[in-house]
Protein chains: 2
Amino acid sequence: MQTEDDFELAGFTPYLLTLAAESQSDVFSRNYRDLYGMLRTEWRVLYHLGRYGELSAREISERARIHKTKVSRAVRALEEKRFLARVTSDTDRRSERLSLRAPGRAAFDVLSQAARDYEAALERRLGKRDARTLRRLLKRLAAT
Amino acid sequence: MQTEDDFELAGFTPYLLTLAAESQSDVFSRNYRDLYGMLRTEWRVLYHLGRYGELSAREISERARIHKTKVSRAVRALEEKRFLARVTSDTDRRSERLSLRAPGRAAFDVLSQAARDYEAALERRLGKRDARTLRRLLKRLAAT
DNA sequence: CCTTGTTGGTTACAAAGGTAACTAACATCA
DNA sequence: TGATGTTAGTTACCTTTGTAACCAACAAGG
């Protein structure tokens with residue numbers, strides 16, 4: 001007789017979160033990885049520039065909560081792809097104003113639309129109610 | 001006038017999944033990382049040996065769906081910590097039977113209990129109903 | 001001015017993980 | 001028993017990421 005159930009890793013929430021996150025990331029990453037050779041951090045930086053316009057690396061780092069070294073490397077990669085331009089700030093020569101160039105803007109448009117499509121497909125798959133519940137719970141967990 | 005809402009990364013499910021997974025993994029990893037200097041793969045390998053008994057590296061690899069190179073490195077690390085013993089198989093000299101030694105068994109007991117406690121705390125925090133819904137949805141997404 | 005401390009951004013180094021190539025042992029079949 | 005192919009496990013190499021050190025520019029106070 002056993003008073004306590006054996007612990008099952010297969011039902012452990014942090015484990016399931018990791019599996020689900022990897023699975024869904026793998027699916028969506030095909031968009032930015034295969035189409036543009038981008039890494040996830042690059043996509044996130046591109047997104048912030050596309051959505052909010054000209055920003056400095058520090059501003060991206062704060063808004064996106066990405067460490068400044070990762071931003072630095074992503075910016076360099078995006079620059080090499082001719083996706084963004086850097087202009088030294090007038091008021092602070094340490095800082096650079098970053099903005100998307102036409103190809104970067106085009107990639108942003110394509111990827112944003114892909115993301116909307118992806119989200120819509122997920123919502124159809126899970127049902128509107130469950131998809132909303134999922135997002136709500138994930139936000140609570142992410143905030144921990 | 002705008003016919004389509006701007007896409008918001010902050011509400012994108014794959015993004016929220018990644019944040020939530022990182023957040024919860026960070027919290028739980030303190031148990032195996034700080035207490036035993038283990039990485040996540042080591043904890044997963046230890047778990048399988050503790051839960052299912054003597055296994056070969058290949059069997060762990062299949063059951064846990066961890067690539068054999070990751071298993072190989074985790075096994076070496078656990079061996080260096082004196083957490084497991086390897087004995088060449090009688091029937092196949094390429095293969096080794098792996099089993100936990102006393103300190104490994106002790107670590108397994110502590111970590112399994114920590115995981116049960118963690119899950120219970122999460123369930124209190126989210127409520128039983130939402131916690132169950134979350135696990136159900138994550139399993140669906142992980143299966144993709 | 002001129003120190004002292006802070007900030008924006010990059011680089012160096014080490015840790016981890018993925019992929020491919022490899023070694024030794026096994027299995028099969030002629 | 002010997003050639004051929006497969007399998008268990010390890011190693012080598014490369015990419016990505018985190019941490020710390022670093023450089024140049026700024027800011028504040030004397």
Side-chain angles (χ1 to χ4, degrees), chain A residues 15 18-19 21-23 25-26 29-30 32-34 36-46 48-49 54-81 84-99, chain B residues 15 18-19 21-23 25-26 29-30 32-34 36-46 48-49 54-81 84-99:
Chain A
Y15 177 66
T18 300
L19 290 188
E22 282 174 1
S23 164
S25 274
D26 281 356
S29 73
R30 284 198 256 281
Y32 52 77
R33 201 192 56 216
D34 295 354
Y36 302 105
M38 288 166 65
L39 301 175
R40 190 167 53 186
T41 307
E42 294 168 43
W43 147 236
R44 288 224 263 152
V45 167
L46 180 86
H48 278 81
L49 289 171
E54 188 180 280
L55 295 169
S56 71
R58 187 184 58 78
E59 287 165 338
I60 294 172
S61 179
E62 286 172 356
R63 286 171 183 252
R65 295 215 178 77
I66 301 172
H67 193 275
K68 62 180 183 172
T69 64
K70 284 179 81 172
V71 173
S72 172
R73 294 190 259 241
V75 166
R76 183 172 56 197
L78 291 170
E79 189 187 25
E80 283 165 2
K81 293 182 180 72
L84 65 75
R86 338 157 74 127
V87 178
T88 303
S89 163
D90 290 345
T91 55
D92 184 343
R93 274 177 302 152
R94 288 171 304 178
S95 179
E96 293 172 311
R97 308 303 303 168
L98 307 171
S99 56
Chain B
Y15 176 67
T18 301
L19 290 187
E22 283 175 0
S23 164
S25 274
D26 281 356
S29 72
R30 283 198 256 281
Y32 51 77
R33 202 192 56 216
D34 296 354
Y36 302 105
M38 289 167 64
L39 301 175
R40 190 167 53 187
T41 307
E42 294 168 44
W43 147 237
R44 287 222 262 153
V45 168
L46 180 86
H48 278 82
L49 289 171
E54 188 179 280
L55 296 168
S56 70
R58 187 184 59 76
E59 287 164 337
I60 294 172
S61 179
E62 285 172 356
R63 287 170 182 253
R65 295 214 178 77
I66 300 173
H67 193 276
K68 62 179 182 172
T69 64
K70 285 178 80 172
V71 173
S72 172
R73 294 190 260 242
V75 166
R76 183 173 54 196
L78 292 170
E79 189 187 24
E80 283 166 2
K81 292 182 181 71
L84 64 76
R86 337 159 72 127
V87 177
T88 302
S89 162
D90 290 345
T91 56
D92 184 345
R93 274 178 302 149
R94 290 171 302 178
S95 180
E96 294 171 312
R97 309 303 302 166
L98 307 170
S99 56

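Here the structure is a predicted model, which is why all the values come from computation and not from measurement.
The outermost nucleotides of DNA chain C lying under 4.0 Å from heavy atoms of chain B, listed 5' to 3', are C/dA16 to C/dC26.
In this structure B/Ser89 satisfies the side chain to side chain donor-acceptor pair (under 3.5 Å) test together with B/Thr91, sequence neighbours excluded. Listed by chain and residue number, nothing satisfies the salt bridge (charged side-chain N to carboxylate O under 4.0 Å, His left out) test with B/Lys70 (two or more places apart in sequence, or in another chain). Listed by chain and number, the residues in a side chain to side chain contact (heavy atoms under 4.5 Å, CB included) with A/Leu55 are A/His48, A/Leu49, A/Tyr52, A/Glu59, A/Ile60, A/Arg63 (sequence neighbours excluded). Looking at residues two or more places apart in sequence or on another chain, you find no side chain to side chain donor-acceptor pair (under 3.5 Å) involving B/Arg73. Judged as a side chain to side chain donor-acceptor pair (under 3.5 Å), and not counting sequence neighbours, B/Ser99 has no contacts. The salt bridge (charged side-chain N to carboxylate O under 4.0 Å, His left out) search around B/Glu22 returns none, not counting sequence neighbours. By the side chain to side chain contact (heavy atoms under 4.5 Å, CB included) test, B/Glu62 is found to be paired with B/Arg58, residues two or more places apart in sequence or in another chain being considered. Scored by the salt bridge (charged side-chain N to carboxylate O under 4.0 Å, His left out) test, B/Asp92 finds B/Arg94 as partners (sequence neighbours excluded).
Between the CE atom of A/Met38 and the C1' atom of D/dT15 there is a distance of 17 Å, given to the nearest Å.
When heavy atoms are screened at a 4.0 angstrom cut-off, A/Arg86 is found touching the sugar-phosphate backbone but no base atom.
Counting heavy atoms from C-beta outward, A/Glu54 and A/Leu98 have side chains that stay 4.5 Å or more apart. Between B/Met38 and B/Arg33, the closest side-chain pair of non-hydrogen atoms is not below 4.5 Å.
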Let me have a per-nucleotide readout for nucleotides 1-7 of chain D, 5' to 3', with B, S or -, counting only protein heavy atoms under 4.0 Å.
------B
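Residues from residues 64-77 of chain A that place a heavy atom under 4.0 Å from any atom of DNA chain C, listed by number: A/Lys68, A/Thr69, A/Ser72, A/Arg73, A/Arg76.
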